[in-house]
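Okay, so here's the structure we're looking at.
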Protein chains: 2
Amino acid sequence: MTLRNPSTKVTILDVARLAGVSKSTASKALNNQNYVSEATRQRVLDAAQKLNFSPNKVAQSLKQKRSYAIGLITDDLEGLFTTSMLHGVDEAIISHNFNVILCNSFGDAAREKARLEMLLARQIDGVILLGYKVRERGLPALVLGDVPVVYLYQYTVLPGVPSVIPDDFGGAIMGTQHLLELGRRRIAFVNGPPHYEVTHLRREGYRHALETAGKPYDPNLVFTSRKWHQNFGYDAGKQLRELAELPDAVFCASDSLAIGVMDALHESGHRVPDDIAVVGFDNRPYSAHQRRPLTTVALPLKAMGVLAGELLIDAIMNETHESVVHRVPCYLVRRESSGT
Amino acid sequence: MTLRNPSTKVTILDVARLAGVSKSTASKALNNQNYVSEATRQRVLDAAQKLNFSPNKVAQSLKQKRSYAIGLITDDLEGLFTTSMLHGVDEAIISHNFNVILCNSFGDAAREKARLEMLLARQIDGVILLGYKVRERGLPALVLGDVPVVYLYQYTVLPGVPSVIPDDFGGAIMGTQHLLELGRRRIAFVNGPPHYEVTHLRREGYRHALETAGKPYDPNLVFTSRKWHQNFGYDAGKQLRELAELPDAVFCASDSLAIGVMDALHESGHRVPDDIAVVGFDNRPYSAHQRRPLTTVALPLKAMGVLAGELLIDAIMNETHESVVHRVPCYLVRRESSGT
DNA sequence: TTGAAAGCGTTACCAT
DNA sequence: ATGGTAACGCTTTCAA
């Protein structure tokens, strides 16, 4: 297997020659260092311009022991959430002239370790571990030496490792308050499976918003589905519509559940949002494309990506490792299912 | 702004010392070269193992003028299509020990050029231009010198640059045939805006499938919407349901249109798929989450990514630049909207 | 079969 | 203010 011959590139030596100075002087001029006269700096800059010189980053990396690249390892590259976070990370990072090297671990620990080692061999300056699935927390740090790490979408309490996750509690408050502000009085809650941290947080947000508004938390209005899937939302919707008195709103712990609920409601002739307003959680891509586009509490995915990127850059530049769990505020996306 | 001190890494010199050989011998042993005795090779391998040595890829790149990294520039990182293709590219590439460096151009030519130059400075071995939006074709190649390029999701006829796109014509045949095989006889077609190449191809596929089956192409059953948006599908659906005789199937040039059509049909009490079967095109993430999950002709996004990755690796390794437009076959995703 | 030395393109130290 | 030289970690002649 033969490899292609790479192109001949213009080096700093060429620039120096054209400018009539030494290699080291050219380097200083190009890097805006002091101790080089304005005149020569101009000549070097002109020469560089003329030759269309751009420094070889590989050589720079070797010398500076800094690659200006970070690795991003994701659980689930096809996941619908991943891409927005990726976008945020890239945006935050590119403005510092860093690039992101992408790796997919498929949630497999062995593969994750292999990718991590590859990234380390590439001398990356930092790593973002973007975890969609739940992960054995703390594992990866072992291999990382002193390369800073940020957890994204999942969190860890490892010392020196910051995490960026959505503020589920606050988001649930926001969704509930939205319904309250719309004048809805009896607000049901359809939760996901118990024993997840999110379901706990979202239910507590719902409860908190109600109580803050001086309304009682009524367990009869709270439904728990066994799984997140739409079909289980449908089941919850059936229970809901058989209540003696139909609530005038329902807040669901996920969009998938909300869509199932809307299905059940539609089936029995109840109108959304006139008879009952529906609000979901997550802002899944399909939520806008329902017959009744779904109002939902959106996960701040891009903002999370941006924050993770910034935290990482900060850790790289300033050696600041703070083991904080950052909860980024959700935001509300108003659509038809909750009225106007 | 101070930079962190990188960790002390184990180099090949350490390995050589531990094995009691010279640096160059160690290198040869590690790279499975000939002219090194089995005994020393073993000692070197053991030493490397013991020290957990992994070669510094940056130094390797500098020496070999080959980075084992490719750049992927996308128009639209948040796009729902992008992520599957990314996944495919990564999968194809990782098996050759390449990595992908991700860049977002937002469809902006200036930014694209800047990213390209950054990638080139990083000595990447190849580039994939993943274009969701239409692009001024041929532009980027100018700056690329002899670094191989593959276009993905968009195409170019530049010499030496292969392109990978979906086979829209074949996909439309597939969708139409599916309805035919289901025994549907009068199949309407809802097309997107004219003057797009895809709309032409998809309509021709529909026509071809009909004619191959010995059915006439009936212009009265063909509707053209002004835009791709769901609302325009809804309008088409309204026209459709007012035909003297309702067709027993409708094939839509996109999922968004199909969803609009289903809306209109639902409104007038027509049942999908019993009264009329509906098939879409694209396999958008929301299509599975409709009240009546949508049967659709799926774009082979991941396969396209894989192919693009393989073509690029091939071009890098073998200097084979073929300016072919590869049309990857679509596949059918059967859901409820077309019956069972 | 082994090892010394040169070189990849850059930056940084230390002379001048 | 400028330039020679070494060094980053690796691979690759070339000579022994």
Side-chain angles (χ1 to χ4, degrees), chain A residues 2-3 5-45 47-48 51-68 97 120-125, chain B residues 2-3 5-45 47-48 51-68 97 120-125:
Chain A
T2 27
L3 296 182
N5 268 335
S7 63
T8 58
K9 289 266 296 180
V10 19
T11 79
I12 203 171
L13 188 58
D14 303 317
V15 174
R17 273 207 268 263
L18 181 58
V21 297
S22 77
K23 210 171 55 159
S24 47
T25 308
S27 171
K28 284 170 202 159
L30 288 167
N31 293 306
N32 289 318
Q33 294 196 349
N34 305 321
Y35 305 123
V36 40
S37 73
E38 258 324 304
T40 38
R41 158 164 298 134
Q42 256 328 313
R43 263 185 300 136
V44 171
L45 259 37
L51 295 177
N52 198 15
F53 168 77
S54 93
N56 181 327
K57 302 250 181 209
V58 174
Q60 282 184 329
S61 295
L62 183 61
K63 181 66 186 168
Q64 301 179 178
K65 295 173 175 304
R66 175 146 275 107
S67 63
Y68 289 92
N97 278 309
L120 254 18
R122 278 190 186 283
Q123 309 294 107
I124 42 105
D125 300 332
Chain B
T2 27
L3 295 182
N5 267 336
S7 62
T8 57
K9 288 266 295 182
V10 20
T11 78
I12 202 171
L13 188 57
D14 303 318
V15 174
R17 273 207 268 263
L18 180 58
V21 296
S22 77
K23 210 171 55 160
S24 47
T25 310
S27 170
K28 285 168 200 159
L30 288 166
N31 294 305
N32 289 320
Q33 294 197 353
N34 305 323
Y35 306 122
V36 41
S37 72
E38 257 324 304
T40 37
R41 156 164 299 134
Q42 256 328 314
R43 263 184 301 135
V44 172
L45 259 36
L51 296 177
N52 197 16
F53 168 77
S54 92
N56 181 327
K57 302 251 183 209
V58 173
Q60 282 185 327
S61 294
L62 184 61
K63 181 67 186 170
Q64 300 179 179
K65 295 170 174 305
R66 174 145 277 106
S67 63
Y68 289 92
N97 278 309
L120 254 18
R122 279 190 186 282
Q123 309 295 107
I124 42 102
D125 299 333

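Letters A, B, ... mirror the listed sequences (proteins, then strands); counts begin at 1.
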Report yes if at least one side-chain N or O of [X] is closer than 4.0 Å to OP1 or OP2 of [N]; otherwise report no.
X     : N     : value
A:Q60 : C:dG9 : no
A:K65 : D:dG9 : yes
B:S22 : C:dT2 : no
B:N56 : D:dC8 : no

Could you tell me how far apart [X] ([atom1]) and [N] ([atom2]) are, to the nearest whole angstrom?
X     : N      : atom1 : atom2 : answer
A:I12 : C:dA12 : CD1   : P     : 11 Å
B:R41 : C:dT1  : CZ    : C1'   : 12 Å
A:L30 : C:dT11 : CG    : P     : 8 Å
B:Q64 : D:dC8  : CD    : P     : 20 Å
A:L13 : D:dT5  : CG    : C1'   : 14 Å
A:R66 : C:dT11 : CZ    : P     : 15 Å
B:K28 : D:dT13 : NZ    : P     : 10 Å
A:L51 : C:dG9  : CG    : C1'   : 15 Å

For [X], report the nucleic acid contact type (base, sugar-phosphate, nothing); a contact means any heavy atom under 4.0 Å.
X     : answer
B:V21 : sugar-phosphate
B:S37 : sugar-phosphate
A:T40 : sugar-phosphate
A:L62 : base
A:K57 : nothing

Legend entry - Check: A:S24/A:S27 side-chain N/O donor and acceptor closer than 3.5 Å: no
Inset, instruction - Please examine the side chains of A:K23 and A:I12, heavy atoms only from C-beta on, and report whether any two atoms are closer than 4.5 Å. - result: yes
Among [options], find the nucleotide with the atom closest to the side chain of [X].
X     : options                : answer
A:T11 : C:dT11, D:dA1, C:dT10  : C:dT10
A:T25 : D:dG3, D:dG9, C:dT2    : D:dG3
B:S24 : D:dT11, C:dT10, D:dT12 : D:dT12
A:K23 : C:dT1, D:dC10, C:dT10  : C:dT10
A:K63 : D:dC10, C:dT2, D:dA7   : D:dA7

Inset, instruction - Check whether any side-chain N or O of B:R122 sits under 3.5 Å from a backbone N or O of A:K57 as a donor-acceptor pair, and report yes or no. - result: no
Legend entry - Backbone N/O of A:R66 and side chain of A:D125: donor-acceptor pair under 3.5 Å: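 A pair under 3.5 Å: no.
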Legend entry - With B:F53, the side chain to side chain contact (heavy atoms under 4.5 Å, CB included) member among B:L18, B:L45, B:D14, B:L30: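 The option that passes is B:L30.
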Legend entry - Approximate separation, where rounding is to 0.5 Å, of B:I124 CD1 and B:S67 OG: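 Going from the CD1 atom of B:I124 to the OG atom of B:S67 covers 6.5 Å.
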Legend entry - A:A59 vs B:E38, nearer the 5' end of DNA chain C by closest nucleotide: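 Looking at DNA chain C, the more 5' nearest nucleotide goes with B:E38.
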